[in-house]
Amino acid sequence: IESPRHCHSLDELEASDIEKVIRVYIQRLNAIGKDPRFKFALLFKNHGLISGAARDVIHHTRSQLIATPVTPKRVKEELAAARSYFERRGACVFCDILRQEETEGARIVSQNKTFFAFCPFASRSPFEVWILPRRHQADFGKLDPARHLDFASILKECLAKIRTLLNDPPYNFILHTAPYCHTPKEGYWKTIEEDYHWYWQISPRLTHDAGFEWGTGIHINPTPPEDAAFLLRETAVVAAA
């Protein structure tokens with residue numbers, strides 16, 4: 001539960017209050033990581049009815065954390081792809097993406113001294129936003145406390161822009177971070193600190209998966225990320241009542 005105050009959306013809180021939420025996220029992730037039964041924990045938020053938010057009967061702002069005894073297939077695929085890129089290029093793919101997005105500028109949503117938010121080139125959903133730390137880091141649980149407020153501020157801004165521009169749409173946000181590594185071993189864990197980079201994915205639920213998406217795994221996005229980023233950049237954040 002993200003606040004003792006009854007409110008509908010995380011961005012209705014002050015950045016200093018969201019900083020406290022971030023601190024609790026990290027405390028809980030790290031506490032769970034000490035349990036050898038768990039290999040991975042997913043931190044996520046379902047906002048609005050079609051996002052999966054308990055049939056929208058719970059209006060108090062909240063998020064969820066679920067730990068698993070295995071590393072899920074989709075997570076393994078992303079980790080393997082990051083490792084493959086590192087082996088071929090000798091660099092983190094996410095750091096390279098960040099540099100390219102900053103150079104091109106067309107898909108930037110917001111930025112501060114510590115974090116960078118943009119609509120990814122191959123966005124799976126309209127107005128999808130990723131937030132990355134500028135400094136390479138594989139594990140969100142190791143985020144420097146001095147950077148918590150910067151992250152809270154850019155997260156609040158991105159969520160508020162989405163709410164304002166798209167009339168408070170349902171959305172999911174998901175933390176992509178390194179899995180737990182209790183016993184470092186040969187293979188993937190040797191380079192994960194160098195080849196992986198945590199990031200926060202915010203996906204408004206403006207379209208629905210249908211036969212083509214389920215049958216192929218290919219997502220149809222009717223809004224170019226350059227257009228989405230421009231509209232989000234130009235959206236003045238309106239303070240929630």
If you round to the nearest 0.5 Å, how far is OG1 of Thr177 from OH of Tyr25? 14.0 Å
Would you sort out whether Asp17 and Ser3 count as a side-chain contact (heavy atoms from CB on, under 4.5 Å), showing the intermediate values? CA-CA 8 Å; Asp17 291 324; Ser3 174; over 6 Å; no
Please lay out, stage by stage, how Arg62 and Glu2 fare under the test salt bridge (Lys or Arg N to Asp or Glu O under 4.0 Å). CA-CA 5 Å; Arg62 77 278 180 205; Glu2 296 158 350; over 6 Å; no
Run through the side-chain heavy atoms of Ile, Leu, Val, Met, Phe, Trp and Tyr, join any pair under 4.5 Å, and report what else lands in Ile1's cluster. none
If only atom types and distance count, is the side chain of Gln137 paired as donor or acceptor with the main-chain N or O of Lys142 below 3.5 Å? yes
Heavy-atom closest pair (Ile26 atom, Gly141 atom, distance to 0.1 Å) is CG2-O, 3.5 Å
If every non-hydrogen atom of Thr235 is compared with every non-hydrogen atom of Leu231, which pair is closest and at what distance? OG1-O, 2.6 Å
Heavy atoms, side chains only, cut-off 4.5 Å: are Phe127 and Ile162 in contact? no
Check whether more than 12 heavy atoms from other residues, nucleotides or ligands sit under 6.0 Å from atom CZ of Arg88, and answer yes or no. yes
I'd like to know if the side chain of Gln100 reaches the main chain of Ile97, judged simply by a donor and an acceptor atom lying under 3.5 Å from each other, with no hydrogens or angles considered. no
Mark yes or no for whether Arg233, through its side chain, and Ile108, through its backbone, hold a donor-acceptor pair below 3.5 Å. yes
Test your reading of the model: is there a side-chain donor-acceptor pair from Lys39 to the backbone of Pro179, 3.5 Å cut-off? no
Linked, directly or transitively: Ile66 and Val70 (ILVMFWY side chains, under 4.5 Å): no
Under the salt bridge (charged side-chain N to carboxylate O under 4.0 Å, His left out) rule, collect the residues that match up with Asp144, sequence neighbours excluded. none
Between Ile202 and Leu155, is there a side-chain heavy-atom distance shorter than 4.5 Å? yes
Donor-acceptor pair, distance only, cut-off 3.5 Å: does the side chain of Arg134 make one with the backbone of Asn112? yes
When you compare the side chain of Leu206 with that of Ser125, does any pair of heavy atoms fall below 4.5 Å? no
Take Glu78 and Arg74 through the test salt bridge (Lys or Arg N to Asp or Glu O under 4.0 Å) and record every step on the way to the result. CA-CA 6 Å; Glu78 183 172 68; Arg74 182 166 293 180; over 6 Å; no
Spacing of Leu79 atom CG and His176 atom NE2 [to the nearest 0.5 Å]: 11.0 Å
Would you mind listing the cluster partners of Ile218? Hydrophobic ones only (ILVMFWY), side-chain contacts under 4.5 Å, chaining allowed. Phe212, Ile220
Distance-minimising heavy-atom pair for Ser123 and Asn221: O-ND2, 3.2 Å
Candidate list Pro169, Ser9, Pro170, test side-chain contact (heavy atoms from CB on, under 4.5 Å), partner His47, passing option: Ser9
Would you say the side chain of Lys156 lies within less than 4.5 Å of the side chain of Val237, judging by non-hydrogen atoms? no
pair Pro225-Pro120: side-chain heavy atoms closer than 4.5 Å: no
State the CG-CD distance between Leu175 and Gln201, to the nearest 0.5 angstrom. 10.5 Å
Measuring from Tyr180:OH to Ile32:CD1, what's the distance to the nearest 0.5 Å? 5.0 Å
Taking all non-hydrogen atoms of both residues, which atom of Pro36 and which atom of Lys34 are closest, and how far apart? CD-O, 3.4 Å
Side chain to side chain, Pro222 and Thr207, heavy atoms closer than 4.5 Å: yes
Do the side chains of Leu149 and Ile154 join up, straight or via other hydrophobic residues, at under 4.5 Å, putting them in one cluster? no
Please indicate whether Phe44 has more than 12 foreign heavy atoms, meaning atoms of other residues, nucleotides or ligands, lying under 6.0 Å from its CZ. yes
Report yes or no: does Lys161 contribute a side-chain atom to a donor-acceptor pair with the main-chain N or O of Ala236 at less than 3.5 Å? no
Are any of the side-chain heavy atoms of Val129 and Cys119 separated by less than 4.5 Å? yes
Where Val109 and Cys158 come nearest, the two heavy atoms and their spacing: CG1-SG, 4.4 Å
For residues 76-104, which residue pairs qualify under ring-ring contact (aromatic ring centres under 6.0 Å, His included), counting only residues two or more places apart or in two chains? Phe94-Tyr196, Phe94-Tyr199
Residue set satisfying ring pair (Phe, Tyr, Trp, His ring centres under 6.0 Å) with His136, at least two apart, ordered chain then number -> His197
Pair Gln111, Glu101 - check side-chain contact (heavy atoms from CB on, under 4.5 Å), show working. CA-CA 11 Å; Gln111 56 185 311; Glu101 294 295 347; over 6 Å; no
Quick one: do Trp130 and Phe121 end up in the same hydrophobic cluster if we chain Ile, Leu, Val, Met, Phe, Trp and Tyr together by side-chain heavy atoms under 4.5 Å apart? no
Using the rule that two of Ile, Leu, Val, Met, Phe, Trp, Tyr join whenever any of their side-chain heavy atoms come within less than 4.5 Å, decide whether Leu29 and Val24 are in one cluster. no
Taking every non-hydrogen atom, the tightest pair across Cys7 and Leu13: SG-CD2, 3.7 Å
Side-chain touch Thr61/Glu12, heavy atoms, less than 4.5 angstrom: no
Taking only residues at least two apart or on different chains, which pairs with a member in residues 149-168 satisfy ring-ring contact (aromatic ring centres under 6.0 Å, His included)? Phe115-Phe151, Phe140-Phe151, Phe151-Trp198, Phe151-Trp200
Rounded to the nearest 0.5 Å, how far does NZ of Lys190 lie from CG of Asp195? 12.5 Å
So, the side chain of Thr103 versus the backbone of Arg99: is there a donor-acceptor pair under 3.5 Å, distance only? yes
Would you call the rings of His6 and His60 parallel, tilted or perpendicular, where under 30° means parallel and over 60° means perpendicular? perpendicular
For Leu42 and Thr68, what are the C-alpha separation, side-chain angles and deciding distance, and is it a side-chain contact (heavy atoms from CB on, under 4.5 Å)? CA-CA 8 Å; Leu42 180 67; Thr68 61; over 6 Å; no
Taking Asn172's backbone N and O only, do any of them form a donor-acceptor pair with Lys45's side chain (distance below 3.5 Å, no angle check)? no
Going from OG1 on Thr216 to NE2 on His219, what distance comes out if it is rounded to the nearest 0.5 angstrom? 8.0 Å
Does Arg89 form a salt bridge (Lys or Arg N to Asp or Glu O under 4.0 Å) with Asp96? I'd like the steps, not just the answer. CA-CA 10 Å; Arg89 300 290 185 90; Asp96 281 356; 5.2 Å; no
